[in-house]
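Here's the structure, in structure tokens; my notes come after.
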Amino acid sequence: MSGEVKEEARERTRTRHPGVLAAGIGAYVLAVIAGVYFLDVSALQIPLWIAHAVVLALLIRRLGAKESSAYAALFVVLTSASAVYVVGLARDDLTLQQRGEKITATVVKEWRDPAEGRKARDSHYTLRRLDGTRVPGPAMTTTSDLYDVGQRLKVIEDPEGKLAPRTPGQANATAEILGATALTLAALGAIGWMTWRGTRTGKEQHLSTPDPKAQAEQEEHLREALRTYPADRRGYIKLHPEDYPALTHGRAARIAWETGLRAEAAGNRGSWRFKETVVEEVPLD
């Protein structure tokens, strides 16, 4: 019994400051999202996300809603991974905006991908500056045929030549950033939801815990009733459970067992029935 008391004390300590714990979990989730994105550890992402899910489940479990911690952790991991993927789509755009240079270029060559069933055919363009030099980097690509040879465009070029040039509209990463932000907020919202659930569960458990004094009084009243109440024509002592709100049927069965009686589990019709021998005995608490 002392071990159970210590465990309950530990559980109370873990959830004493759920807001602080939730803030820590939220900061941890943000750190993981930022770390995976900036480190770009593609080869290690799967084991990292698995380890992240395990750690999250353990942390969320400490918020109090233990039965849903695994599902919540899975949701947070999926939304976090999706956020990293979406913002990763904008990685080139963000890099180009950071170090790119805006220039005017002329389309000198145009071609499209070969037809492959219903697959969309991207268009590709070779660009030259107005001074005749080639714009560095791969060919500019669009998802549809937008430009013609000889047409002049405002584009952002990569001085390092690693990224393909793009128009300012193409290099706009606003949609991806908004999408990644929404996914991140969904992950943080799940942590907030689990914090609320854990707090509510703790309050419900506290309210459902019987008053020790009332429980002791009702146990004594039950013992007295089992000793003094007359049996009915079938030999049962019949009592009303609403007279003992602080006691479970199992606890009542334990008290009856101590007095030499058994609690009947079948056919009670809203009553507690006790007898020396019963058809089906109530398990003891």
Side-chain angles (χ1 to χ4, degrees), residues 23 26-49 52 75-114 116 119-191:
Y28 165 68
V29 169
L30 293 176
V32 170
I33 293 174
V36 174
Y37 170 74
F38 287 110
L39 294 178
D40 193 20
V41 284
S42 302
L44 298 176
Q45 280 203 20
I46 292 179
L48 281 176
W49 286 122
H52 179 46
F75 177 81
V76 173
V77 168
L78 290 176
T79 51
S80 299
S82 299
V84 172
Y85 173 75
V86 171
V87 78
L89 296 176
R91 187 188 301 271
D92 289 350
D93 295 335
L94 295 172
T95 302
L96 199 59
Q97 289 178 8
Q98 183 180 8
R99 72 184 185 205
E101 298 177 359
K102 289 184 178 181
I103 63 168
T104 299
T106 303
V107 178
V108 295
K109 184 178 180 181
E110 173 192 5
W111 71 97
R112 299 187 69 185
D113 290 336
E116 296 182 12
K119 182 180 178 181
R121 299 173 63 188
D122 291 342
S123 294
H124 307 276
Y125 307 90
T126 300
L127 305 178
R128 290 189 183 277
R129 298 188 186 93
L130 296 182
D131 61 7
T133 58
R134 186 179 183 279
V135 175
M140 186 177 75
T141 300
T142 61
T143 56
S144 58
D145 186 9
L146 299 177
Y147 310 111
D148 298 316
V149 173
Q151 187 173 350
R152 290 185 177 182
L153 308 171
K154 293 287 186 180
V155 298
I156 304 175
E157 69 169 9
D158 179 15
E160 298 182 10
K162 297 180 179 179
L163 303 176
R166 301 189 182 191
T167 64
Q170 287 178 307
N172 188 344
T174 302
E176 288 83 358
I177 293 174
L178 289 176
T181 301
L183 289 166
T184 302
L185 290 176
L188 297 178
I191 296 171

For Leu94 against Ala173, the heavy-atom pair lying closest together
CD2-CB, 3.9 Å

Go through the structure and list residues passing ring-ring contact (aromatic ring centres under 6.0 Å, His included) with Tyr28, not counting sequence neighbours.
His52

From CG (Leu127) to CD (Glu110), nearest 0.5 Å
11.0 Å

Taking salt bridge (Lys or Arg N to Asp or Glu O under 4.0 Å) as the cut-off, I'd like each qualifying pair that reaches into residues 129-153, sequence neighbours left out, listed once.
Arg129-Glu157

Which value, rounded to the nearest 0.5 Å, describes the distance between Asp92 atom CG and Leu163 atom CG?
5.0 Å

Under the salt bridge (Lys or Arg N to Asp or Glu O under 4.0 Å) rule, what pairs show up with a residue in residues 161-170, not counting sequence neighbours?
Asp93-Arg166, Glu160-Lys162

Determine the minimum heavy-atom distance between Leu30 and Leu188, stating which atoms define it.
CD2-CD1, 4.2 Å

Measure from the side-chain N and O atoms of Ser144 to the backbone N and O of Leu146, and report whether any donor-acceptor pair falls under 3.5 Å.
no

Nearest heavy-atom pair of Pro136 and Pro165: which atoms, and what distance?
O-CD, 4.1 Å

Do Asn172 and Gln170 touch side chain to side chain, with heavy atoms closer than 4.5 Å?
no

CD1-CD distance between Ile156 and Glu101, expressed to the nearest 0.5 angstrom
10.5 Å

Nearest heavy-atom contact between Glu176 and Ala90 is CB-CB, 3.6 Å

Using side-chain heavy atoms (C-beta onward) and a distance below 4.5 Å, is Thr142 in contact with Asp122?
no

Can a salt bridge be assigned to the pair Arg99 and Asp158 using a cut-off of 4.0 Å between side-chain N and carboxylate O?
yes

Can you list everything that forms a side-chain hydrogen bond (donor to acceptor under 3.5 Å, both in side chains) with Thr95? Sequence neighbours excluded, please.
none

Output yes when a side-chain donor or acceptor of Arg91 lies under 3.5 Å from a complementary backbone atom of Tyr37, and no otherwise.
yes

Quiz: residues 177-185 side-chain donor-acceptor pairs under 3.5 angstrom, not counting sequence neighbours:
{"from": "Thr181", "atom 1": "OG1", "to": "Ile177", "atom 2": "O", "distance (Å)": "2.7"}
{"from": "Thr184", "atom 1": "OG1", "to": "Ala180", "atom 2": "O", "distance (Å)": "2.9"}

In short, Ala187 meets Ser80 closest at the heavy-atom pair CB-OG, 4.0 Å

Separation between OG1 of Thr167 and NZ of Lys102, rounded to the nearest 0.5 Å
10.5 Å

Distance-minimising heavy-atom pair for Trp111 and Ala139
CH2-CB, 3.6 Å

Output every pair passing ring-ring contact (aromatic ring centres under 6.0 Å, His included) with a member in residues 126-179, not counting sequence neighbours, ordered by first then second residue.
Tyr125-Tyr147

Within the 4.5 Å heavy-atom criterion, are Val155 and Ile103 side-chain neighbours or not?
yes

